[in-house]
Amino acid sequence: MELKNLPSVDEVLKDSRIQSLEKVYARHLIVQAVRDELDVLRAEIMGSGIRLTRDEARERVVVEVVHRLNTLHQGSLKKVINATGVVLHTNLGRAPLSLETAEHIAGLAQGYCNLEMDLEEGKRGSRYQHLESMIVSLTGAEAALVVNNNAAAVLLVLNTLAKGREVIVSRGQLVEIGGSFRIPEIMALSGAKLVEVGTTNKTYLSDFEQAVSPDTALLLAVHTSNYRIVGFTHEIPLRELVGLGCRLELPVVQDLGSGCLVDLSPWGLEAEPTVQECIKEGVDLVTFSGDKLLGGPQAGIIVGKKHLIDAMKRNHLLRALRVDKLTISGLEAVLGGYLSGEPQNKIPVLHMLTRDPADLEVTADGLCRAIREELQDWDGQLDVRVIELKDKVGGGAYPLQELPGYGVEIALGFDPGRLVYRLRTLEPALLPRIKEGAIIISVRTLQAGEADLIPGLLRRALEAL
Ligand SMILES: *Cc1c(COP(=O)(O)O)cnc(C)c1O
């Protein structure tokens with residue numbers, strides 16, 4: 001038993017490395033960390049019988065305390081350079097915001113604001129009125145409401161209009177979207193009863209007509225954002241569903257998911273229905289995300305008929321789904337970018353999706369040269385070259401779409417696993433694409449200034465192998 005060599009709490013606290021922690025952390029947290037690490041070491045000595053001198057034991061505890069405090073209390077969100085070429089990467093926080101949007105948020109966050117005050121009247125106002133006129137003028141809808149995310153938007157719509165009643169949905173549209181959004185589960189949580197009609201690949205209007213009962217509350221269409229059923233298929237055109245809803249006096253709701261406000265087909269993307277088109281078709285309510293193709297902060301947007309939106313504003317569930325001032329200010333700046341008429345220059349997501357492949361090639365050329373220069377020590381071992389790529393939209397949108405892009409391939413001649421791990425654990429982290437024996441840096445998803453950091457990050461990761 002070597003427990004006699006275990007240092008005292010006071011002895012550890014006297015170490016200069018521990019003392020310098022006092023500038024960053026409260027003293028009681030440091031003392032607790034020292035106690036915890038002494039316990040760990042005591043258990044280890046008693047368990048495995050390792051022998052340590054007094055100096056070794058103190059050194060171990062000091063190093064572990066510094067590590068414990070730095071990992072526990074520094075926050076775990078880290079900056080990541082997305083070199084995957086997937087624009088809306090759900091695991092990487094979906095839409096990045098522009099500097100202008102971030103500054104607009106910061107400006108409002110640093111003080112008080114009129115979140116719930118009508119400054120004209122000097123009376124209590126509503127947080128929901130801030131974005132409504134902007135959204136209405138962009139979409140052509142009568143009214144709008146913003147909540148925490150699109151899952152919340154669908155939940156609120158179903159709970160308000162269909163609690164205790166039936167909602168008819170095509171079997172081909174019972175989607176699951178990344179991060180466990182499932183139509184049947186949201187339906188159950190809302191208190192509405194799901195009535196599935198048709199088959200996985202084919203649903204006709206007659207299937208809906210036959211399922212209608214006195215208990216039917218609404219007809220739901222869900223955009224199959226992240227997959228396509230191809231081949232022998234039939235889905236009901238939105239216009240026909242709207243016709244049926246009109247005839248039966250039932251609201252028709254479209255969960256659009258991505259919620260694009262601009263037609264991206266001039267840039268070679270497949271035609272996806274925009275929010276405005278759905279409203280024009282006569283849909284009563286449309287729900288969509290703020291942080292997918294719209295390119296804003298996490299939010300769920302509901303647009304449509306005023307009497308339905310008003311009913312949702314009266315639902316007490318809204319209190320639990322409400323957005324805060326940071327989200328409202330971020331969306332305000334992003335929607336302002338759309339109102340300016342050149343959203344593809346103002347909104348990073350749209351900019352990345354509409355970039356000219358020739359520009360991407362120029363960026364990839366420059367990056368390739370910089371990487372070759374920085375990695376001269378590995379000359380002859382690594383093969384660095386510019387390649388053509390197929391990038392992705394991501395975020396459950398345009399599942400089949402491939403965007404012609406460019407990148408830099410670094411052929412390693414060994415399994416990239418350890419290098420990729422090193423890159424992922426640097427600060428900022430670098431997330432490349434992985435291929436057999438190689439990594440690829442797609443330039444489409446790099447943000448301003450990030451390309452300059454990449455050669456140095458690659459060098460550090462290679463040196464640490
Ligand atoms: C993404 C998506 C959702 C979920 O939206 P969140 O904003 O992630 O909550 C719901 N429905 C569809 C069709 C989607 O594509």
Side-chain angles (χ1 to χ4, degrees), residues 86-97 131 135 144-159 162 167 169-190 192 194 196 203 218-229 235-236 238 241 252-261 264 269-270 272-275 277-278 283 285-304 312 317-318 320-324 326-328 330-331 334 349 353 392-401:
V86 179
V87 174
L88 289 167
H89 201 305
T90 295
N91 303 147
L92 301 182
R94 289 197 186 154
L97 302 177
L131 299 161
I135 300 173
L145 179 59
V146 179
V147 291
N148 183 53
N149 58 11
N150 190 32
V154 176
L155 179 67
L156 183 64
V157 168
L158 295 174
N159 181 265
V167 173
V169 192
S170 161
R171 281 209 172 81
Q173 299 183 347
L174 293 177
V175 300
E176 170 171 325
I177 313 275
S180 69
F181 174 88
R182 289 174 153 205
I183 289 291
E185 268 81 354
I186 292 280
M187 193 79 75
L189 282 170
S190 75
L194 171 66
E196 305 172 29
T203 304
L218 62 89
L219 311 179
L220 179 64
V222 183
H223 187 54
T224 55
S225 317
N226 56 359
Y227 71 100
R228 293 281 183 274
I229 298 175
E235 271 299 348
I236 305 164
L238 202 51
L241 201 61
V252 173
V253 176
Q254 164 92 63
D255 173 16
L256 198 52
S258 222
C260 197
L261 291 180
L264 293 172
L269 278 88
E270 305 156 29
E272 280 243 352
T274 61
V275 179
E277 278 163 14
C278 293
V283 175
L285 289 175
V286 182
T287 68
F288 55 101
S289 294
D291 54 352
K292 292 187 182 170
L293 284 176
L294 190 78
Q298 180 191 301
I301 303 177
I302 312 170
V303 296
M312 284 183 281
L317 182 58
L318 178 59
L321 308 176
R322 77 181 189 184
V323 275
D324 75 330
L326 303 182
T327 303
I328 294 175
L331 258 186
V334 170
V349 165
L353 290 176
K392 284 271 185 196
V393 180
Y398 294 92
L400 305 180
Q401 181 86 49

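Just follow the structure's listing: the first ligand is 1, and inside any ligand the first atom is 1. These numbers come from the heavy atoms of this one structure, side chains and all, not from hydrogens, waters or symmetry mates.
Under the side-chain contact (heavy atoms from CB on, under 4.5 Å) rule, V222 has a single partner from T287, L256, I183, which is I183. In summary, of the residues considered (L318, L131, I301), a side-chain contact (heavy atoms from CB on, under 4.5 Å) with L145 occurs for L318 alone.
Comparing heavy-atom distances from atom 10 (C) of ligand 1 across N148, T90, N150, T224 singles out N150 as nearest.
Looking at ligand 1, you won't find any N or O of H223 less than 3.5 Å from one of its N or O atoms. For the pair G257 and ligand 1, the shortest N or O to N or O distance does not fall below 3.5 Å. Inclusion of K292 in the set of residues having an N or O under 3.5 Å from an N or O of ligand 1 is warranted. Where the criterion is an N or O separation shorter than 3.5 Å, residue side chain and backbone included, S258 fails it with respect to ligand 1.
Looking only at distances, a side-chain donor or acceptor of Q298 sits under 3.5 Å from a matching main-chain atom of N148. In this structure, the side chain of Q173 does not engage the main chain of S170 through any donor-acceptor pair within 3.5 Å. Here the side chain of D324 pairs a donor or acceptor atom with the backbone of T327 at under 3.5 angstrom.
With a heavy-atom cut-off of 4.0 Å, R182 does not touch ligand 1 at all.
Close approach of ligand 1 to A151 is summarised as follows: ligand atoms under 4.0 Å from at least one heavy atom of the residue are 5 (O), 6 (P), 9 (O). Heavy-atom contacts of R94 reach the following atoms of ligand 1: 6 (P), 7 (O), 8 (O) (cutoff under 4.0 Å). Close approach of ligand 1 to S289 is summarised as follows: ligand atoms under 4.0 Å from at least one heavy atom of the residue are 5 (O), 6 (P), 7 (O).
Side-chain N/O atoms of S258 and E272 include no donor and acceptor closer than 3.5 Å.
Between Q254 and P273 there is no side-chain heavy-atom pair separated by less than 4.5 Å.
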